[in-house]
Each structure stands twice: as structure tokens, then as C-alpha cells.
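Chain naming here is simple, since letters A, B, ... match the order of the sequence lines and numbering starts at 1 in each.
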Amino acid sequence: MPEKVLQAVRGMPDVVPAQVGPWQWFERLVRDTIQGYGYQEIRLPIIEPTQLFARSIGEVTDIVEKEMYTFIDRNEDSLTLRPEGTAGCVRAVIQHNLAITPQRLWYSGPMFRHERPQKGRLRQFQQVGAEVFGIATPDAEIELIALTARLWHLLGVSGSVKLELNSIGSVTARAQYKLALVAYLSERLDELDPDSQRRLTTNPLRILDSKNPDTQRVLDGAPVLSDYLDEASSTAFRQLTEGLDALSIPYVLNNRLVRGLDYYNDTVFEWTTTELGAQGTLCAGGRYDSLVGQLGGKPTPGVGFAMGVERILLLLEACQTPLPKIEPLVFAVAAGKPAELACLIDIERLRSHFGSAQIVANLGGGSFRTQLKRADKSGAHVALIWGETEAAQGAVTVKYLRTEQEQQTVTYDQAVELLERIVINL
RNA sequence: GUGGCCGUAGCUCAUCAGGCAGAGCGCCGGAUUGUGACUCCGGAGGUGGUGGGUUCAAGACCCAUCGGCCACCCCA
């Protein structure tokens, strides 16, 4: 079966130019916002030793068991395309001793999970994450949540997102709770859905966020995690909610929110939306005070979150958030040999003068009519015209494409002035 | 990984009781040989996702495969 057309790997789509506008806008906004809180960017490799993920995410999680892109390289080492960002970030922090003093870090890039693609779920997807190392107090959580809340506001989606919060306590508290939960659910084994029955032995806490209504009904009578929290966890959680109250950030307490990765303790949170169907989690995170030590570093508390960029972009679309348009300032039109050379020289001068404004040249010749059609289609504010007449008098014509203003034939310097007036009004 | 729906021009979609494929938009050219958007005229573009089967005949029916969508599972 000769495959005629090579196509992208399933679940790993291209982002074509027509779609790239929202990406760039989002990326800039996120970078500025995160760095505005004093977070520093860290750039991490896409591939890590398989062991790193097995040991951090948890051996019995779905991610490690069946979703990782793992391969043996030429040195016989087992490597894995990262399924999430925290593990690699922690590895780097340990390797470069970055947590001697408290650190705020952020990163972005592609993650890989072999799942069946659907809306808001891809095999290669983009995440932006932020992590705080060396801070054991809940002011770190408050800051991270405030940061994300600010982002939703800036993106114009704050009306469509909801913050869910929980504390899953310390390792020992959770172990005790797990016993109680298993004891309770074992009594009602036949009332649980098959998936939950299976998880009773593998990962009982995950039963809590089962979507099965019958299972949820069984859980109504189950022991509650918050009853098992020790003093320190309860105090920290109270301080967290007090901070959010002070900032008027609304949240919903969800004592069945447990999260899928094993390394969390105490705080876990999720920003969700109902606009995107089944894949409603936009951003999620929590505290992981034992992970650094567990991976061989000096015991250092950590908190962080990761957000899924594609999902947020889908939400922007659903909310019809208006995006700033980027259109060319100038489309340059020229005809006739001397005029083309004059144009060539002048548009380079314009680019030096106007910096980041788009100055688009016509390529490949064509009649004036053709070139002006291209100018119009480009969305440019003005067409600058170099023709025989202009060349003869060392001038250029400024033709306004978006307003009723008359076109003018002027000197280069005057043209720059006219363009500056447009730039100011943008 | 499981289940359901879907796959026709660059895009949005028609057609059909199985009889050699169409529209709108977009694109290119012209009316307007130095002036875009509106209008008019003309044109290019499809081995009907791919491979196989049934049939005199298949884009339409059957199977497989690839891809998309939706849900489950899981998660960002």
C-alpha cells in the first residue's frame, strides 16, 4: 500500500499561518504576565530519561502505564518524550542547584501523550507551566492562582472559568484516608462501575472524581478527605482560602478533586470551563513538597501549575474574544526599472525608520492594477507607489486604502511624516 | 485502548432508487495597457481520503485502512 501523501502524525497537527495569530498574542501575553510576577524562564529538553517520569508521576498512573512515547536510543538508554513539564523542571533544578534560594520558574513547550485525540486533547500539545521552589507557605499558591486569574481576565475569558480547590493533605493523612475509603467502598463493590472497581486496588483516590453518577452516589456516604487532614494542612488550606477571599477570587471547594499525578500533597487546584465539552480542564496544579527530595535533591518544597494552550485558544474562540489585528502599514508598489530601484532603497529606509511595523514589498512584478489588488488583499493601511512619474520627480505616492483620504504624491520625507500619523492612531 | 458519526475543488457544502461531478466563496486573467474594494465576462483547479470487493456500471453498496469529529477512559 503505497501511501501517496505523507501526512502529519495523528494527533500532532500543524498550526498554519491563518491560525497563528491567536498563538502569538497568547504567548506574548502569558510571557509578559508571568515575568511581571518575577518568574524566570527555563528552557528544558523535550526528551528525558524514562526513569524520571516513572519516579515522579507515579508508576501506576495512566500516563506512565500507557500514554508515554518511550523508545530505546542508540546507546540502549530508555528515553521518553515528556508527557508533562514539572518532572523535567525539577530535574533541572536539582542538577543546577537552582533552589539554593527560592526560585520562581516558568517554561513552555510541547508535551506528548499517546491518547485518542478529540477536541482539546492532542498527542502533541502545548503547555505553559510555572513552578515555585523553596516556599512552604501558601502565599506561593495564592500568587500562582492570582497570576492565572489575571491571565483569564486579560484573555477575556474570566466569565467562563471556574476555580476548584482542595487539600489532599500529607502522605500519612492520605494513607489513613485511603484505608478508610477502601474499607467503605469494598462494602459496596457491586455498586461501583467497572473502572472504579479496578481502581479500588490500583489507585482508590481516583475513584473520587469518577464521572459515573452511580459511583458518585455511592461516594455521597463515603468518608471525607478533609476530616483526615492534620493541623498543618488545615491551617495552610485556610490561609490559602483567606488569601483568595482577600483578592476576591471566587473558588469552589471540591473535596473529590484529587488529580492524576502522584507527587502532589496539600493543595491541588484546577481551572475548568464548561465551554469545551469533555476536556474542560484548562489549567491545573498543586503542591509537591516531597518531589525534589524523592528525585535525589535536597528536600525542597515546590508548587506549580500547567495550562494547556490549545484548550485556552479554543476557549478564546468560544468566548469570541477580540484579537488585536496585525496588518501591514505599507504595501509597496513599483513599476519601471528606475522606480523599482528607488522603491527597493526607500522601503529599506522605511524599515529602519519604523522598526516593527510591517512594510510589505510587492514581489514578482505585475501591472499596477494587479499590484494594487495585492495591496488591498494584504490588509495594508496604505499603498506606496513608485512609478515613472514619481521616479521622474524623485517622489512617491501615498494611497490610502482604508480611508477616503485623497492620495498624495510627495517626497520621501513627507511620506514618512504621513505614515507616522497613521502609526500614532493605531 | 473502547464505542458512535463522518471523509466530494483551497474553504463551506450540494447532487444520487448505483449510469461517466456541481454551486457559492476564494484563486488567476480580462473589461480598466498608472490605481485596489463594487460590477460584468472568462479561466484554472477533483484518479470523490486510500486500497480491495460486489455490479454491465460505484463518489454512492460491502470490507479493510488512514484521517477527522463526539463520547468513554484519562488529562492540560
Side-chain angles (χ1 to χ4, degrees), chain A residues 1-13 16 18 57 61-68 82-86 108-129 148 193-196 198-199 203 206 209-212 257-261 270-273 276-285 304-315 331 333-336 339 362 366-392 397-404 406-407 409:
Chain A
M1 316 159 240
E3 213 133 301
K4 281 205 182 119
V5 195
L6 247 30
Q7 35 185 340
V9 174
R10 183 171 206 194
M12 304 194 181
V16 296
I57 297 169
T61 58
D62 279 36
I63 292 178
V64 171
E65 277 184 336
K66 47 190 193 198
E67 293 175 3
M68 296 205 304
R82 61 180 183 195
E84 58 104 42
T86 301
S108 70
M111 307 295 163
F112 302 84
R113 290 181 203 172
H114 192 111
E115 299 182 90
R116 183 109 169 207
Q118 71 184 78
K119 193 189 201 79
R121 191 174 74 182
L122 301 164
R123 290 182 173 179
Q124 173 176 336
F125 59 101
Q126 206 75 14
Q127 279 191 345
V128 174
T148 48
D193 61 278
D195 282 315
S196 294
R198 184 171 44 77
R199 276 185 293 218
N203 200 346
R206 300 306 324 268
D209 52 21
S210 165
K211 283 184 195 168
N212 186 293
L257 177 65
V258 292
R259 317 271 311 114
L261 290 65
E270 261 183 33
W271 286 98
T272 61
T273 180
L276 301 183
Q279 309 302 323
T281 304
L282 299 165
C283 171
F305 67 76
M307 60 181 106
V309 179
E310 288 86 351
R311 287 185 186 178
I312 294 167
L313 263 26
L314 285 171
L315 183 60
F331 190 97
V333 167
N362 177 71
S367 66
F368 267 92
R369 181 182 144 74
T370 300
Q371 294 193 44
L372 281 165
K373 277 189 166 189
R374 292 175 188 156
D376 183 50
K377 224 173 302 157
S378 78
H381 287 86
V382 304
L384 288 190
I385 302 171
W386 286 264
E388 281 169 30
T389 324
E390 287 83 356
T397 296
V398 180
K399 179 180 172 63
Y400 297 91
L401 298 172
R402 309 298 152 203
T403 64
E404 294 306 311
E406 282 293 322
Q407 69 179 46
T409 301

Open item on the list: Under 4.0 Å, counting only non-hydrogen atoms across every strand here, what does G120(A) touch: a base, just sugar-phosphate, or nothing?
Closed with: base
Open item on the list: Just to be sure I understand the rule, does E388(A) reach a base, reach only the sugar-phosphate, or reach nothing, if contact means heavy atoms closer than 4.0 Å?
Closed with: base
- [ ] Measure the distance from CG on L314(A) to C1' on G68(B) and round it to the nearest whole Å.
- [x] 15 Å
Open item on the list: What is the separation between atom CG on L122(A) and atom C1' on A76(B), rounded to the nearest whole Å?
Closed with: 10 Å
Task: Distance in angstrom units between R10(A) CZ and U65(B) P, rounded - done: 12 Å
Open item on the list: Test of understanding: with side chain to side chain donor-acceptor pair (under 3.5 Å), list the residues that count as partners of T370(A), not counting sequence neighbours.
Closed with: S367(A)
- [ ] Using the side-chain hydrogen bond (donor to acceptor under 3.5 Å, both in side chains) rule, take T409(A) and T397(A) through it: C-alpha gap first, then chi angles, then the decisive distance, then the call.
- [x] CA-CA 4 Å; T409(A) 301; T397(A) 296; 2.8 Å; yes
Side chains of residues 122-129 of chain A: which donor-acceptor partners sit under 3.5 Å, not counting sequence neighbours?
{"residue": "R123(A)", "atom": "NE", "partner": "E115(A)", "partner atom": "O", "Å": "2.6"}
{"residue": "R123(A)", "atom": "NH2", "partner": "H114(A)", "partner atom": "NE2", "Å": "3.4"}
{"residue": "R123(A)", "atom": "NH2", "partner": "E115(A)", "partner atom": "O", "Å": "3.3"}

TODO: Identify, with sequence neighbours excluded, every residue that meets side chain to side chain donor-acceptor pair (under 3.5 Å) alongside S196(A).
DONE: D193(A)
Task: Base-paired stems in RNA chain B, each at least three Watson-Crick or G-U pairs under 3.5 Å - done: B:1-7 with B:66-72, B:10-13 with B:22-25, B:27-31 with B:39-43, B:49-53 with B:61-65
Open item on the list: So, using salt bridge (charged side-chain N to carboxylate O under 4.0 Å, His left out) as the criterion, who are the partners of R369(A) when residues are at least two apart?
Closed with: none
Open item on the list: Nearest whole Å is fine: how far is A76(B) P from E270(A) CD?
Closed with: 7 Å
Task: Spacing between D193(A) atom CG and C72(B) atom P, to the nearest angstrom - done: 13 Å
- [ ] Write down the distance between CZ (F368(A)) and P (G30(B)), rounded to a whole number of angstrom.
- [x] 15 Å
TODO: Using a cut-off of strictly less than 4.0 Å, decide whether K66(A) has a side-chain nitrogen or oxygen near OP1 or OP2 of G1(B).
DONE: no
Open item on the list: Taking any heavy-atom pair under 4.0 Å as a contact, classify K119(A): base, sugar-phosphate, or nothing.
Closed with: sugar-phosphate
- [ ] In whole angstrom, give the distance that lies between atom CZ of R374(A) and atom C1' of C28(B).
- [x] 11 Å
TODO: Quick one: list whatever passes side-chain contact (heavy atoms from CB on, under 4.5 Å) with S378(A), sequence neighbours left out.
DONE: P328(A), F331(A), A380(A)
Open item on the list: Tell me every residue that passes ring pair (Phe, Tyr, Trp, His ring centres under 6.0 Å) with W386(A), counting only those two or more places apart in sequence or in another chain.
Closed with: none
What does the list of N/O pairs under 3.5 Å between the protein and nucleotides 37-45 of chain B look like, with a distance for each?
{"residue": "A37(B)", "atom": "O4'", "partner": "D376(A)", "partner atom": "OD2", "Å": "3.3"}

Open item on the list: Could you tell me if W271(A) and T148(A) have a donor-acceptor pair between their side chains, going purely by distance under 3.5 Å?
Closed with: yes
TODO: Not counting sequence neighbours, which residues clear side chain to side chain donor-acceptor pair (under 3.5 Å) with T273(A)? List them please.
DONE: none
Task: Set of side chain to side chain donor-acceptor pair (under 3.5 Å) partners for D376(A), sequence neighbours left out - done: R402(A)
Give me the distances for all protein-to-nucleotides 3-13 of chain B N/O pairs that come in under 3.5 Å?
{"residue": "G3(B)", "atom": "O6", "partner": "R116(A)", "partner atom": "NH2", "Å": "3.4"}

- [ ] Would you indicate whether E388(A), at its atom CD, is surrounded by more than 12 heavy atoms from other residues, nucleotides or ligands within a distance under 6.0 Å?
- [x] no
Open item on the list: By the 4.0 Å heavy-atom rule, please label R402(A) as base, sugar-phosphate, or nothing.
Closed with: base
TODO: Could you check which of C27(B), C73(B), U35(B) has an atom nearest any side-chain atom of R121(A)?
DONE: C73(B)
TODO: Tell me what A284(A) touches on the nucleic acid: a base, only sugar-phosphate, or nothing, going by heavy atoms under 4.0 Å.
DONE: sugar-phosphate
Open item on the list: Taking A58(B) as the reference, what is the distance to C16(B) when you measure between their C1' atoms (whole Å, please)?
Closed with: 11 Å
Open item on the list: Between Q118(A) and C70(B), is there a contact of a side-chain N or O with OP1 or OP2 at under 4.0 Å?
Closed with: no
Task: Residues forming a side-chain contact (heavy atoms from CB on, under 4.5 Å) with Q118(A), sequence neighbours excluded - done: R121(A), A278(A), Q279(A)
Open item on the list: Any donor-acceptor pair, under 3.5 Å, between the side chain of Q407(A) and the base of G34(B), if you only look at N and O atoms?
Closed with: no
